[in-house]
Protein chains: 2
Amino acid sequence: MATISDVARMAGVSTATASRALNGKSTVDPELAARVMTAARQLSYQPNGPARNLRRQEAAVLALIISDVENPFFTSIARGVEDVAHEVGYSVVLCNSDENAEKERRYIDVAIQERVAGVILSPTGESTTVDPLLARGTPMVTVDRPLTDRTSDTVLVATLESAREATAHLMAHGYRRIGCITGPSGVRTADDRLAGYREALRAAKHPSSARLVRRTEYREAGARRAMLDLFDQAEPPDAVLVANSAMAVGVLAALKELGLRPGADVGVVAFDETPWAALVDPPLSVVAQPAYEVGQAAARLLLSRIEDTDRAPTTTVLGARLIARGSSAGPVG
Amino acid sequence: MATISDVARMAGVSTATASRALNGKSTVDPELAARVMTAARQLSYQPNGPARNLRRQEAAVLALIISDVENPFFTSIARGVEDVAHEVGYSVVLCNSDENAEKERRYIDVAIQERVAGVILSPTGESTTVDPLLARGTPMVTVDRPLTDRTSDTVLVATLESAREATAHLMAHGYRRIGCITGPSGVRTADDRLAGYREALRAAKHPSSARLVRRTEYREAGARRAMLDLFDQAEPPDAVLVANSAMAVGVLAALKELGLRPGADVGVVAFDETPWAALVDPPLSVVAQPAYEVGQAAARLLLSRIEDTDRAPTTTVLGARLIARGSSAGPVG
DNA sequence: ATGAAAGCGCTAACAA
DNA sequence: TTGTTAGCGCTTTCAT
């Protein structure tokens with residue numbers, strides 16, 4: 001593979017001049033620059049990234065470590081990050097931690113070793129996994145979930161408030177015994193959604209009971225089982241707040257099995273807008289999170305922190321929007 | 001940030017010994033090795049990736065360039081690739097070419113510059129974008145779509161045959177005028193699905209007409225418009241074959257707008273199984289592509305090619321499975 | 001404006 | 001088994 005020395009030799013200049021020409025430095029004779037560019041083209045020269053990064057002590061690469069590539073919420077974030085990063089010449093590498101602290105730690109190590117310019121991550125939970133990043137002062141932004149001590153820039157969605165609003169919406173539409181299916185204890189979004197749900201019930205002096213709440217991993221199968229379990233009781237709920245879209249699939253599947261109709265028999269509001277939410281019968285009411293905007297905001301914060309490492313950490317909270325559809329239109333009978 | 005020299009100094013050995021110890025080479029005194037490891041831990045030593053890669057002339061990283069991160073088919077492939085790669089110590093970086101030849105070229109350049117060990121990609125179309133890869137002999141596997149000249153390992157799904165089978169299935173269930181909504185001309189999967197559809201009609205001596213076929217980008221909005229357009233004719237189809245799941249959303253949305261019921265009024269079979277296919281009413285018949293297995297196979301092929309660059313290129317074709325549900329149960333009346 | 005030369009951190013060939 | 005040393009390809013002083 002051609003190196004910069006080959007290019008320099010062919011153009012009849014030193015490697016220093018070749019480097020300057022290739023990097024568009026102004027201090028180089030136009031005629032020489034042209035010779036260099038021609039030589040580079042003829043040799044199909046591609047700079048050696050590791051060599052450049054070694055010398056520069058930094059790569060124009062951002063690492064984005066997300067907890068689930070198959071979750072549309074996170075892929076939308078990825079799009080937002082990419083679009084902002086590409087505008088200013090950064091590449092983005094996507095790493096899938098799979099809600100697994102071990103994989104997360106591994107990818108953080110890779111990011112450090114590759115000396116990426118910065119890291120955006122949705123922390124799996126334990127704030128200790130990011131210590132290596134903090135210790136080295138690697139610019140970092142957390143999304144979706146905060147670290148306990150807020151030592152980094154953070155971009156969040158007002159998820160507690162949205163859960164409260166969604167629960168109030170269910171009550172306003174006549175549902176009386178509202179349940180909640182949320183993610184694992186310790187996962188901040190799961191806890192917040194539950195807290196918002198409880199606040200709304202308390203404010204309305206509605207019955208609230210641990211028997212109406214189920215916690216499970218953020219996946220379809222767990223949510224389906226949780227829903228069946230809720231309805232295996234003497235007094236099942238007449239509505240549920242569901243904490244993400246994969247879970248919503250499980251909940252709707254469970255209702256189908258039980259022969260119950262969303263909306264009329266059991267009110268449903270789920271977090272995350274999806275392409276299919278409007279297609280099911282009745283259409284699914286959702287809390288639409290501004291995922292793409294979260295990604296954009298995170299990327300901008302990260303870039304600004306790369307510029308200025310000393311700036312104090314900030315927390316950005318974006319609002320979510322309740323989209324009311326048939327699945328929360330009100331009970332029948 | 002601590003370097004290997006710092007570690008060596010602290011352990012009282014040379015950098016060479018430190019390097020050997022850190023890399024688990026057997027030819028190092030256990031006691032010295034222990035001293036090195038301790039020093040490394042105390043200094044929070046993390047190897048400098050660019051330096052190592054520069055020296056080794058290769059990085060234990062695979063690049064996976066897919067055409068749409070938001071398409072579940074491709075994210076499943078990504079999971080398959082990751083699982084295989086991680087087993088043998090490779091990292092995977094995901095790049096989103098967004099069905100855009102320009103972005104694809106850009107990511108290919110990045111992959112070359114970073115000297116990744118190999119590349120897996122779903123080529124956007126023009127086979128010329130991969131020339132730089134071929135020219136440098138970078139190990140490469142293409143997935144989902146072949147290059148015109150099959151100069152690389154390729155993993156495909158038997159998509160033409162599946163389209164034929166799905167179309168035959170629609171005919172067998174009593175649909176008479178079957179339409180097809182597929183992707184852009186020149187995109188191999190789109191062309192194959194159309195060809196399979198046509199073969200099935202021809203074999204059954206069914207009416208076939210250009211007026212029953214629409215081509216559009218592989219997205220929801222285009223498919224919705226195409227479907228509305230199909231039904232804006234004197235003799236609309238009574239069934240459609242749809243080329244991916246995003247398009248299926250658009251098609252089902254169009255039917256809803258038209259007040260037509262899938263299955264009873266218009267038969268529908270779409271490519272790609274999704275979590276929600278069984279949830280809509282009636283459930284959606286699909287051609288389930290083995291995406292995860294495609295990813296696994298591609299990763300294995302790539303790793304074997306990294307081992308042996310000279311092996312002749314192979315083509316692997318995996319079968320897809322038709323899952324018949326209510327949306328193709330047969331017309332009513 | 002250009003070139004010579006140093007050096008980023010690491011690994012591997014070679015010597016001892 | 002260990003250390004010395006060269007050098008991967010690039011950018012960037014420092015001289016000129």
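Chain letters run A, B, ... following the sequence lines, proteins first, then strands; residues in each count from 1.
Atom CZ in B:R56 sits roughly 18 Å away from atom C1' in C:dC8 (whole-Å rounding). One can place CD1 of B:I4 at 15 Å from C1' of D:dC8, the figure rounded to the nearest angstrom. Atom OH of A:Y45 is separated from atom C1' of D:dC10 by 7 Å (rounded to the nearest Å). Going from atom CD of B:Q46 over to atom C1' of C:dG9 covers 14 Å, rounded to whole Å. Distance, A:Q113 CD to C:dC10 C1': 13 Å, rounded to whole Å. Put simply, NZ on B:K25 is 8 Å from C1' on C:dT11, counting in whole angstrom units. Look at CG on A:L22: it is 13 Å from P on D:dT12, rounded to the nearest Å. A:R52 places its CZ atom 10 Å from the P atom of D:dT12, with the value rounded to the nearest Å.
In the set D:dT2, C:dT11, C:dC8, C:dC8 carries the atom at the smallest distance from any side-chain atom of A:L54.
For B:N53, no side-chain nitrogen or oxygen approaches OP1 or OP2 of C:dC10 to under 4.0 Å. The phosphate of D:dG3 has OP1 or OP2 within less than 4.0 Å of a side-chain N or O from B:S14. Contact annotation: B:S19 reaches the phosphate of C:dT11 (side-chain N/O to OP1 or OP2, under 4.0 Å). In terms of phosphate contacts, B:Q57 brings a side-chain nitrogen or oxygen within less than 4.0 Å of OP1 or OP2 of D:dG9. In this model, the phosphate group of C:dG3 is approached by a side-chain N or O of A:T17 to a distance below 4.0 Å at OP1 or OP2.
Side chain B:R20 to base D:dG3: a donor-acceptor pair is found below 3.5 Å. Remark: the A:R55 side chain and the C:dG9 base include no donor-acceptor N/O pair separated by less than 3.5 Å.
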Could you walk me through whether A:L147 and A:T154 pass the side-chain contact (heavy atoms from CB on, under 4.5 Å) check? CA-CA 8 Å; A:L147 292 174; A:T154 304; over 6 Å; no
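Comparing B:V13 and A:S5, the nucleotide of DNA chain D nearest to each residue sits closer to the 5' end for B:V13.
A side-chain donor from one of A:Y218 and A:T189 sits under 3.5 Å from a side-chain acceptor of the other.
Note on A:P50: nothing from the nucleic acid sits closer than 4.0 angstrom, heavy atoms only.
Contact between B:L301 and B:V155 at its shortest, heavy atoms only, is CD1-CG2, 3.6 Å. Across A:P146 and A:P123, no two heavy atoms sit closer than the pair O-CG, 4.5 Å.
The one candidate from B:V84, B:V81, B:I120 that meets the side chain to side chain contact (heavy atoms under 4.5 Å, CB included) condition with B:V92 is B:V81.
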